[in-house]
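Just below is one structure, and these are the notes that go with it.
Values below: every heavy atom of this structure, side chains too, minus hydrogens, waters and symmetry copies. By convention here, the first residue in the shown sequence is residue 1.
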Amino acid sequence: IGKSIKLRSGKDITIFASGAMVNNALKISDSLEKENIKSTVINMHTIKPVDQEEILQNKNFKLHVCVEEHNTIGGLASAISEVKCQEGVFVKQVNLGVNDKYTKSGSYDFMLDHYNLSPEKIVKTIMKEMK
C-alpha cells in the first residue's frame with residue numbers, strides 16, 4: 001500500500017495509470033514506441049496514500065499522462081497534481097478520465113470510446129500534446 005509499481009521504463013513521457021487502465025497504458029506505450037516515444041508506465045494502484053517518491057522521480061520527463069476510468073477530480077490526476085505543486089515540479093500533465101459531469105451508460109468499450117479513453121484515442125491525444 002502506498003508504493004507504485006514501475007511496469008516499463010522510458011525516457012520521454014510517464015504514464016500514470018490506475019485500475020483497469022493499467023493494461024491500456026501498456027498498450028498505449030507499445031503504440032507510442034512505434035512513434036519513437038519511449039514511455040515509463042507506472043501502476044498507481046494506491047491513490048491514497050499516493051506514492052510521492054515515484055512521482056518526484058519522474059520530474060524530468062517531457063509530459064506526464066494520468067489515465068483513470070473515473071472522475072479526474074479527486075482521483076489519481078488530482079493526487080499527482082497536488083504532489084507536483086507542493087514540490088515545485090512543473091511538468092506538463094494531461095489528465096485523461098471522465099470529466100466532472102453526469103455520465104452516459106453503456107458497454108465498457110462504448111464508455112472508453114465515448115470518454116476518449118480507448119488506447120487509440122489516448123495515443124492521438126498524447127501525440128497532439130507532444131507536438
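- Here CE of Met127 is found 7.0 Å from CG of Leu32. Values are rounded to the nearest 0.5 Å.
- Residue Lys124 qualifies as open at atom NZ: its count of foreign heavy atoms under 6.0 Å is 12 or below.
- Take Lys27 and apply the salt bridge (charged side-chain N to carboxylate O under 4.0 Å, His left out) test, not counting sequence neighbours, and it matches no residue.
- Taking 4.0 Å as the cut-off between side-chain N and carboxylate O, Asp12 and Lys38 do not count as a salt-bridged pair.
- Note on Tyr108: it clusters hydrophobically with Val67, by side-chain heavy-atom contacts below 4.5 Å among ILVMFWY residues.
- Under the 4.5 Å side-chain heavy-atom criterion for Ile, Leu, Val, Met, Phe, Trp and Tyr, Val83 and Phe61 are members of distinct hydrophobic clusters.
- How far OG of Ser107 is from NE2 of His114: 12.0 Å, rounded to the nearest 0.5 Å.
- Rounding to the nearest 0.5 angstrom, the gap separating the CD1 atom in Ile126 from the OG atom in Ser31 is 9.5 Å.
- Between the side chain of Asp51 and the backbone N or O of Ser4, at least one donor-acceptor pair lies under 3.5 Å.
- Heavy atoms only, all atoms of each residue included: Cys66 and Gln93 are closest at SG-NE2, 3.5 Å.
- Residues passing the side chain to side chain contact (heavy atoms under 4.5 Å, CB included) test with Leu26 are Leu7, Arg8, Val41, sequence neighbours excluded.
- Heavy-atom minimum distance, Ile73 versus Asn71: N-OD1, 2.8 Å.
- Side-chain heavy atoms closer than 4.5 Å link hydrophobic residues (I, L, V, M, F, W, Y) into clusters, and following such links, even through other members, never connects Ile122 to Val91.
- Each of Tyr115 and Leu76 belongs to its own hydrophobic cluster when Ile, Leu, Val, Met, Phe, Trp and Tyr are linked at side-chain heavy-atom distances under 4.5 angstrom.
- Nearest approach of Ala77 to Thr72, heavy atoms of both residues: CB-O, 3.9 Å.
- Looking at every heavy atom in both residues, Ile1 comes nearest to Pro49 through CG2-CD, 4.0 Å.
- Between the side chain of Ser29 and the backbone N or O of Ala25 there is no donor-acceptor pair closer than 3.5 Å.
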Side chain to side chain contact (heavy atoms under 4.5 Å, CB included), that's the test. Do Met44 and Glu68 meet it? Break it down for me.
CA-CA 10 Å; Met44 298 294 281; Glu68 51 195 322; over 6 Å; no
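- At a threshold of 4.5 Å between side-chain heavy atoms, the hydrophobic network of Ile, Leu, Val, Met, Phe, Trp and Tyr places Val94 and Leu117 in one connected group.
- Minimum heavy-atom separation, Ile47 to Ala79: CG2-CB, 4.1 Å.
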Per-pair distances, 0.1 Å, donor-acceptor, side chain in residues 13-23, under 3.5 Å, sequence neighbours excluded:
unit_1	atom_1	unit_2	atom_2	d
Thr14	OG1	Asn58	OD1	3.0

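- The NZ atom of Lys48 sits 12.5 Å away from atom OG of Ser78, with the distance rounded to the nearest 0.5 Å.
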Run the side chain to side chain contact (heavy atoms under 4.5 Å, CB included) check on Thr40 and Lys6 step by step: do they pass?
CA-CA 7 Å; Thr40 293; Lys6 185 181 287 188; 4.1 Å; yes
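- Put simply, the side chain of Lys121 gets close to the backbone of Asp113: a donor and an acceptor are under 3.5 Å apart.
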Using the rule given for side-chain hydrogen bond (donor to acceptor under 3.5 Å, both in side chains), can you reason through Lys3 versus His45, listing the C-alpha separation, both sets of side-chain angles and the distance that settles it, and then say yes or no?
CA-CA 8 Å; Lys3 288 294 175 190; His45 59 88; over 6 Å; no
